[in-house]
Amino acid sequence: MFHAATTDLQHFLMTYGYLAVFVFVAIESIGIPFPGETMLLVAAIDAGTTHQLSIFLVIIAATCGAILGDNLGFWIGREGGYRLLRRYGRYIGFNERRVKLGLYLFRTQGGKIVFFGRFVAVLRAWAAFLAGVNRMQWSRFLLFNALGGVIWATLYGLGGYFLGEEIHRLTGPVGIVIIVLAVLIIIASLIFVRRQEKQLEEKAEKAFPGPIENY
C-alpha cells in the first residue's frame with residue numbers, strides 16, 4: 001500500500017513538478033487530510049537521487065504552500081470554525097474536552113502551538129484552523145506560521161535531499177537498524193504526546209469549567 005501511494009505521488013511529481021509540492025502541502029495545511037509532508041519528502045529524495053529537481057525550489061514551493069494553506073485554514077476557522085466543531089467535531093475526535101484544550105492552549109501559548117504544530121502530524125493540519133477558531137491575532141499568527149513553515153520545509157527538504165544522495169548506503173544491516181530506531185522513536189513520541197494531552201485536558205477543564213458555550 002505504501003509503495004503504491006508513493007508511486008502515485010511520484011507520478012504527480014513527474015507530471016507537475018514543483019506545483020505538485022505546492023498544491024499538496026497547501027491542501028494539507030488548510031486542514032484537509034492529504035499527504036503534503038509525504039509529497040515534500042518524495043520530492044526532496046527525488047532531488048537528491050536524480051537531481052532533476054532543485055532542492056531549493058522544492059523548499060520554496062513547500063514553504064509557500066504551507067503559508068498559503070495555513071492562512072486559508074485560519075480564515076475558515078475564524079469565520080465559521082467554532083460552529084463546524086460544535087456540529088461535526090465529534091466525528092473527527094474533537095469532543096468538548098478537546099475544544100476546551102484548544103481554547104486553553106491558544107490563549108496561553110498560541111505562538112508556540114502555531115510554530116511547533118508544523119512539525120506534528122495532527123497539528124500540522126489543524127493548528128491554523130484552531131488558531132482561527134480561537135481568534136488568535138492574525139499578525140501574530142502570520143509571524144509564527146511563516147517561521148514554522150520556512151524551518152519545517154528547510155529541515156524536511158534538506159533531510160530528504162541528503163537521504164536521497166545516500167540512499168544506496170541504507171541497505172543491509174545499517175538500513176534495518178535505522179528503520180527499527182525510527183519506529184521506536186515514533187512509538188515513544190506517540191506515547192509521550194498522549195500522556196501530555198491528558199494532562200493538558202485536565203488543566204483546560206480547570207481553566208474553563210462547565211459548558212464550552214460559556215466561553
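No hydrogens, no waters, no symmetry mates; every other heavy atom, side chains included, goes into these values. Index from 1, following the sequence.
Between A66 and S29 the shortest heavy-atom distance is CA-OG, 3.6 Å. Counting all heavy atoms, side chain and backbone alike, A131 lies closest to V114 at CB-CG2, 4.3 Å. When all heavy atoms of R78 and M136 are compared, the closest pair comes out as NH1-O, 3.4 Å. Between A44 and G157, the closest heavy-atom pair is CB-O, 3.2 Å.
By the side chain to side chain contact (heavy atoms under 4.5 Å, CB included) test, A153 pairs with I59, A62, T63, sequence neighbours left out. Under the ring-ring contact (aromatic ring centres under 6.0 Å, His included) criterion, F12 pairs with F24, sequence neighbours left out. Residues satisfying the side chain to side chain contact (heavy atoms under 4.5 Å, CB included) test with L13, not counting sequence neighbours, are V21, M39, V42, A43, D46, L53. Legend: residues meeting side chain to side chain contact (heavy atoms under 4.5 Å, CB included) with W75, ordered by chain and number and at least two apart, are E79.
L158 contributes atom CG, which lies 11.0 Å from atom CZ of F56 (distance to the nearest 0.5 angstrom). With rounding to the nearest 0.5 Å, the separation of OG1 in T38 from CG in D8 is 12.0 Å. Note: L130 CG to F74 CZ = 11.5 Å, rounded to the nearest 0.5 Å. A distance of 9.5 Å separates CH2 of W138 from CG of N145, quoted to the nearest 0.5 Å. One distance of note links CG of L143 with CZ of F115; it measures 10.0 Å at 0.5 Å rounding.
By the rule that hydrophobic residues join a cluster once side-chain heavy atoms approach within less than 4.5 Å of another member, L19 and L72 end up as members of one cluster. Two different hydrophobic clusters hold M14 and I55 under the rule that ILVMFWY side chains link at heavy-atom gaps under 4.5 Å. One hydrophobic cluster holds both Y156 and F34 under the rule that ILVMFWY side chains link at heavy-atom gaps under 4.5 Å. Tracing side-chain contacts under 4.5 Å through hydrophobic residues (I, L, V, M, F, W, Y), one reaches I32 starting from I76; they form part of the same cluster.
Annotation: salt bridge (charged side-chain N to carboxylate O under 4.0 Å, His left out) contacts involving residues 52-75, sequence neighbours excluded, comprise D70-R118. Pairs passing the side-chain hydrogen bond (donor to acceptor under 3.5 Å, both in side chains) check and including a residue from residues 12-21, sequence neighbours excluded, do not occur. Sorted by first then second residue, the salt bridge (charged side-chain N to carboxylate O under 4.0 Å, His left out) pairs that include residues 33-44, not counting sequence neighbours, are E37-R124. Sorted pairs that involve residues 47-63 and meet salt bridge (charged side-chain N to carboxylate O under 4.0 Å, His left out), not counting sequence neighbours, are lacking altogether. Within the structure, salt bridge (charged side-chain N to carboxylate O under 4.0 Å, His left out) contacts touching residues 136-163 (residues at least two apart or in different chains) do not occur.
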Could you please spell out the steps behind the side chain to side chain contact (heavy atoms under 4.5 Å, CB included) verdict for I151 and T154? CA-CA 5 Å; I151 295 175; T154 301; 5.7 Å; no
CA sep, side-chain torsions, deciding dist, call: F22, I60, side chain to side chain contact (heavy atoms under 4.5 Å, CB included): CA-CA 9 Å; F22 171 82; I60 292 295; over 6 Å; no
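With N71 contributing its side chain and I67 its backbone, the two residues share a donor-acceptor pair below 3.5 Å.
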